[in-house]
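See below for the structure under consideration.
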Amino acid sequence: MSRARLTLMASALALAAALSACDGLGGQASDMPPLPASATAPVTYERDIHSYAQPQVARVTHVALDLVADFEGRTLSGSATLDVTGQAGATQVVLDTRNLDIRSVTDAEGRPLVFALGEENPLLGRPLTVTVPAFEADTVQKIVVSYSTRPDAAALQWLTPGQTAGGSQPFLFSQGQAILTRTWVPTQDSPGIRQTYAATITVPEALKAVMSAEMLTPEGEEASDGARSYRFRMTNPVPPYLIALAVGDLAFAEVGEDVGVWTEPSRLAAARAEFSELRQLVDAAEGLYGPYRWGRYDLLVLPPSFPFGGMENPRLTFATPTIVAGDKSLVSLVAHELAHSWSGNLVTNATWADFWLNEGFTTYFENRIMEAVYGIERARMLQVLGYNDLQTTLADLPAADTRLRLDLTGRDPDDGLTDVAYEKGAAFLRTIERIVGRERFDAWLKGYFERNAFRPMNTAGFLSDIRTHLIAGDAELERQLMLEAWIDQPGLPSNAQAPVSTALTAVDTSARAFFVDKGPASAIPWRRWSTQERQHFLAWRPTGAAATRDWLTPAQLADLETTLSLANEGNAEVLFAWLQIAVAHRYQPAVSTVERFLTTQGRRKFVLPLFTSLWAEGDWGRPIATRIYAQARPGYHPVTSGSVDDVVGVPAA
Ligand code: BES
Ligand code: ZN
């Protein structure tokens, strides 16, 4: 046979085949309810301005990675074998790459294929155009790309032993969202182009590899000298931003049936205890919106430089260790990443302009899980905290960026990573729920996940789905919902309602007593308060004319810090809220705490605002920021340092 060609299949059939090829552990368990016909209808690809791919001409359906992790050279090297289907007659396949060293491109028999790397765009990287023999209808061709990543691949962070808890082994993890997968996998890196994947990852003997996939060799297999190989497969088609890998000295503990935690051995007991309610969270989610379609649900608690709170990698959520608070107070983050197993991983934003479909739906769903497991008051507190953050964001952002549907022309998809997608999106869904009633809303949302499972979704598709399946021609309901205003107008429409939490209203009273009436910190019922009440107290700000700097006196700051033991605060969210106040007041005694916080974790949500606030404090804050950043930057993930570089500048070597 001159070329490996398998009989196939339009993309709809490829999807159906991929789904039915699954076994009980990997993807669609055999007892999984079948998906409706809509879920296997052909996909029309939307133009994605953040990808060079031309999926309507030729598209990747499967990626098989065979990579060796070299911790000295900080590279992944090997090959990616891509299954590609194409329009009859098409002879070119366009892939996304960025910062990769491509050695060769061949067919399945090793015969070279002509390829060309296009011009470099700093954000998008370079298109890799491979010329192949003309596609015949219903055929798959294989393309083998041999390559290495660069030590500064933006998706990868290579940690020295000193940056881990154990201190004796190095560590590697990837972060693909939004458009970073192309810095370690040459494929079509667009969320609308779903791909199944398989991988063989070879690592030094002392380390273990884990991926967002079924782990076929839990103990690994002996490879060449001093190395072990781990094999994986993901039989559900996923957007490429969800292909994820971590390598390190990792241990696992089962938490319940089909749920568990991975982390470094010395942190395992704490992580397991923190997430002991993992099974209840999954049960609650399934009870709300239908079966969990990914088999296992595990958490991977990473070293502290992980740049996000959490990342919803299928079967294996990646999480920051800053949520291991010791008292389960920050588990809503796990509820969030779990919710993405439906909103985002099943129904996926077609392009990053519709990011709110991932995050707004997930933030809504997260809160429903929290309500189901921890009760309505906890859920309301979280709603209020989010809604208040949204108010600040709406006041700060240019109006055009406060629309749900974004125009990201010429922009980094990260620009859409604001509270608008999360909290305005969630407020929108809560508004619909309030107007139509929970029962009808839940029935619609469950149906939305089923009808659109394993498919890309855009805002127009959402509108059409909700009009067909919920509004159904009811003109009065259509008028009440104000859908278009929510989606394309800045700010919040007139039918938005602020959430209310009785507990947080009581916190407001204490806050006014301390911040406005200058009462003593000893009157604050801090010890009785939950983390959410403490966060709300510290997020309190004066309004109107007094809303300038220096709304607290040095004596009040000292009273607060001492009475509430804020210098020793162990909860990262509470500490962050305090340090924001301290920096805004140029409160010198807190500088060592700021320094410790910024040099011991690299979560961008904490790091970037603190450097930004320091920088805003001119003569006082800039030298502090510069000094701390010089020390902290080598420990940060490229995602975090890239953002902080824009504020503080790159420290001189
Ligand atoms: N998918 C996001 C993280 C993300 C978004 C990474 C865009 C890269 C680009 C994840 O689900 C998320 O939203 N994480 C939040 C936590 C959540 C509880 C709001 C985070 O990391 O803070
Ligand atoms: Zn999210």
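Every number for a ligand or one of its atoms is a count from 1 in the order of the listing. Position 1 is the first residue of the sequence; numbering continues from there.
The shortest N/O to N/O separation between Q175 and ligand 1 does not fall below 3.5 Å. Polar contact check, Q177 against ligand 1: a nitrogen or oxygen pair lies under 3.5 Å apart.
Looking at atom 19 (C) of ligand 1, its nearest protein heavy atom turns out to be Y422 CE2, 3.7 Å. Scanning the protein heavy atoms around atom 10 (C) of ligand 1, the nearest turns out to be G310 O, 3.2 Å. The single protein non-hydrogen atom nearest to atom 2 (C) of ligand 1 is E359 OE2, 3.3 Å, given as residue, atom name and distance. The nearest protein atom to atom 20 (C) of ligand 1, hydrogens excluded, is given as G309 N, 3.4 Å; this is a heavy-atom distance. Counting protein heavy atoms only, atom 11 (O) of ligand 1 is closest to E337 OE1, 2.7 Å.
Note: W356 and Y422 fail the aromatic proximity criterion, with ring centroids not under 6.0 Å apart. Taking the six-membered ring for Trp and the full ring otherwise, F441 and W444 have centroids separated by under 6.0 Å.
The closest side-chain donor-acceptor pair between D442 and Y289 falls under 3.5 angstrom.
Not one N/O/S atom of E337, from backbone or side chain, sits under 2.8 Å from the Zn ion (ligand 2).
Rounded to 10°, the angle that NE2 of H340 and NE2 of H336 form at the Zn ion (ligand 2) is 100°.
If you check each of L333, L330, I323 against atom 16 (C) of ligand 1, the one with the closest non-hydrogen atom is L333.
Heavy-atom contacts of L417 reach the following atoms of ligand 1: 5 (C), 7 (C), 9 (C) (cutoff under 4.0 Å). Annotation for ligand 1: atoms under 4.0 Å from non-hydrogen atoms of E312 are 1 (N), 2 (C), 10 (C), 11 (O).
Using a 4.0 Å cut-off between a side-chain N of Lys or Arg and a carboxylate O of Asp or Glu, E371 and R438 qualify as a salt bridge.
In this structure, R603 is positioned above the aromatic face of F606, its NZ or CZ under 6.0 Å from the six-membered ring centre and within 45° of the axis.
Within E359, the N/O/S atom positioned nearest the Zn ion (ligand 2) carries the name OE1.
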